[in-house]
Amino acid sequence: MNFKNKIAIVSGAASGMGLLFAENWTALGGNIVMCDIDAETLNEKVTAINNKKCGVAVGVVCDVRNYEDICRARDITVEKFGQIDVLISFAGGTAVRMQKVDMKKYPEFPDVPIDVYDWGLDVNLKGPFYFAHAVLKQMREQKSGVIVNIGSIAGAECDGYGVEYPTAKAGLMYGFTKCMAQYGAPYGIRCVCVSPGPVLTRPAMANMKTLLGRAAQPQEIIDLILYLVSDKANFITGENIMIDGGRAAMNRG
């Protein structure tokens with residue numbers, strides 16, 4: 001695939017699959033605006049990419065809970081590159097894990113402080129919502145673009161403790177993606193959701209069962225996303241695509 005002269009804006013880009021996408025995208029000829037809240041790590045990763053191909057990556061410190069930060073990232077992208085071809089919202093995570101909630105102190109859903117769940121809903125649902133709202137202004141003007149939301153097997157399986165994460169992911173998978181596809185179609189804009197099962201971005205994922213008997217390598221998820229944002233996938237929109245090694249199809253008996 002060749003993404004020469006294509007511009008992507010990506011949240012959660014300083015680590016994990018966001019960073020891996022940035023590395024793949026620029027290696028395939030694209031330019032990228034990398035957004036992340038971790039300024040130090042972001043600067044390091046942007047520099048590393050530009051050391052391989054000068055000027056292809058720009059870093060913008062961005063809290064996805066802050067709409068003004070997102071609009072600033074959009075404006076920097078347009079000012080630097082003139083267009084936005086791809087938006088991917090990688091930023092996210094389960095609030096009870098990311099906020100290091102003590103399950104002994106807060107044993108059940110109603111016991112967990114509401115501000116923990118607020119953080120999770122804001123990052124996992126409102127973040128992609130905010131980004132799409134901001135970036136679609138540019139995509140509408142240029143009459144083209146692809147938005148990729150990142151769902152999760154958790155959105156299908158749910159969780160009685162880390163409740164906000166599957167709630168947010170289900171919202172992206174089964175509601176928001178279709179809404180954006182409906183809005184974007186008259187303007188040549190596509191929207192899809194990619195929903196991974198267990199991925200080896202952290203060791204604990206290896207313990208989740210799948211029909212194929214393993215967790216995914218991060219590159220397998222990125223390969224699917226690269227296909228979906230390419231011209232080869234021009235007839236795909238409004239879909240949630242599971243890449244879970246058959247976990248959702250397992251016999252739970």
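The figures that follow rest on heavy atoms only: side chains count, while hydrogens, waters and symmetry mates do not. Model, not experiment: these values are computed from the prediction.
- Ring geometry for W25 versus F21: interplanar angle under 30°, hence parallel rather than tilted (30 to 60°).
- Side-chain N/O atoms of Q99 and D115 include no donor and acceptor closer than 3.5 Å.
- Here the shortest heavy-atom pairing between A181 and C191 reads N-CB, 3.8 Å.
- Contact check for V56 versus I49: side-chain heavy atoms found under the 4.5 Å cut-off.
- The distance from the OH atom of Y117 to the CG atom of N124 is 13.0 Å, given to the nearest 0.5 Å.
- Side chains of V46 and V58 form no contact here, defined as non-hydrogen atoms less than 4.5 Å apart.
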**OP:** Give the C-alpha distance, both sets of side-chain angles, the deciding distance and a yes or no for side-chain contact (heavy atoms from CB on, under 4.5 Å) between V146 and I189.
**Re:** CA-CA 6 Å; V146 184; I189 300 165; over 6 Å; no
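- The nearest pair of heavy atoms linking P128 to V123 is CD-O, 3.5 Å.
- Between Y161 and P107 there is no side-chain heavy-atom pair separated by less than 4.5 Å.
- Distance alone, capped at 3.5 Å, places no donor-acceptor pair between the D36 side chain and the L42 backbone.
- Of the possible donor and acceptor atoms, none in the side chain of T94 sits under 3.5 Å from a partner among the backbone N and O of G162.
- Annotation for G82 and Q138: closest pair O-NE2, 3.7 Å, computed over non-hydrogen atoms.
- Here the side chains of M34 and V60 are not in contact, with every heavy-atom distance at 4.5 Å or above.
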**OP:** Check step by step if side-chain contact (heavy atoms from CB on, under 4.5 Å) holds for Q83 and V78.
**Re:** CA-CA 5 Å; Q83 64 198 55; V78 176; over 6 Å; no
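- Residue N5 holds its CG atom at 8.5 Å from CG of N2, rounded to the nearest 0.5 Å.
- For the atom pair NZ of K45 and CG of D38, the computed distance is 10.0 Å after rounding to the nearest 0.5 Å.
- The number of heavy atoms from other shown groups lying within 6.0 Å of CD (E220) is above 12.
- Summarising the geometry of S89 relative to F131, their closest heavy-atom pair is OG-CB, 4.1 Å, with the distance given to 0.1 Å.
- Within a 6.0 Å radius of NZ in K52, other residues, nucleotides and ligands contribute 12 heavy atoms or fewer.
- The minimum heavy-atom distance between A132 and I147, with the atom names listed, is CB-CD1, 4.2 Å.
- In this structure, E108 and D111 have side chains that are in contact, with non-hydrogen atoms separated by less than 4.5 Å.
- Looking at Q142 and D85, their side chains come closer than 4.5 Å, going by heavy atoms from C-beta outward.
- Note: K169 NZ to D159 CG = 14.0 Å, rounded to the nearest 0.5 Å.
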**OP:** Give the C-alpha distance, both sets of side-chain angles, the deciding distance and a yes or no for side-chain contact (heavy atoms from CB on, under 4.5 Å) between L228 and V194.
**Re:** CA-CA 9 Å; L228 289 169; V194 172; 3.4 Å; yes
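- Donor-acceptor pairing under 3.5 Å is recorded for the side chains of S195 and N240.
- Remark: F81 CZ is packed, more than 12 non-hydrogen atoms of other residues, nucleotides or ligands lying under 6.0 Å away.
- Linking Ile, Leu, Val, Met, Phe, Trp and Tyr residues whenever their side-chain heavy atoms come within less than 4.5 Å places F3 and L19 in a single cluster.
- The hydrophobic cluster containing I7 does not contain V86, counting ILVMFWY residues as joined when their side-chain heavy atoms lie under 4.5 angstrom apart, directly or transitively.
- Using cut-offs of 30° and 60° for the angle between ring planes, the Y67 and Y130 rings count as perpendicular.
- For NZ of K137, the number of neighbouring non-hydrogen atoms (other residues, nucleotides, ligands) closer than 6.0 Å is greater than 12.
- Counting only heavy atoms from C-beta outward, the side chains of I225 and I150 approach each other to under 4.5 Å.
- Here the shortest heavy-atom pairing between Q219 and N24 reads NE2-OD1, 2.9 Å.
- Note that the CD1 atom of I32 and the NZ atom of K6 stand 14.5 Å from one another [nearest 0.5 Å].
- Hydrophobic cluster membership differs between L224 and M173, with clusters built from Ile, Leu, Val, Met, Phe, Trp and Tyr side chains linked at under 4.5 angstrom.
- Note that CD of E68 is 11.5 Å distant from CG of D75, once rounded to the nearest 0.5 Å.
- Between R247 and E157 there is a salt bridge, with a side-chain nitrogen of the basic residue lying less than 4.0 Å from a carboxylate oxygen of the acidic one.
- With salt bridges taken as basic N to acidic carboxylate O contacts below 4.0 Å, one links D63 and R65.
- Counting only distance, with no hydrogens or angles, the side chain of E164 and the backbone of A95 share a donor-acceptor pair below 3.5 Å.
- I88 and L125 sit in two unconnected hydrophobic clusters of ILVMFWY residues. Membership requires side-chain heavy atoms under 4.5 Å apart, directly or through other members.
- Side-chain atoms of R74 come within 3.5 Å of backbone N or O of A134 as a donor-acceptor pair.
- Looking at T26, its side chain never comes within 3.5 Å of a backbone N or O of N31 through a donor-acceptor pair.
- There is no path of hydrophobic side-chain contacts, each under 4.5 Å, that joins I236 to Y187.
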**OP:** Might you work through the side-chain contact (heavy atoms from CB on, under 4.5 Å) test for L28 and K4, ending with a clear yes or no?
**Re:** CA-CA 7 Å; L28 291 168; K4 185 178 180 181; over 6 Å; no
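- When the options V96, V116, V112 are evaluated for a side-chain contact (heavy atoms from CB on, under 4.5 Å) with Y106, the one that passes is V112.
- In terms of modelled atom types and a separation under 3.5 Å, the side chain of N234 and the main chain of D231 share a donor-acceptor contact.
- In this structure the side chain of T177 never reaches within 4.5 angstrom of the side chain of E239, judged on heavy atoms.
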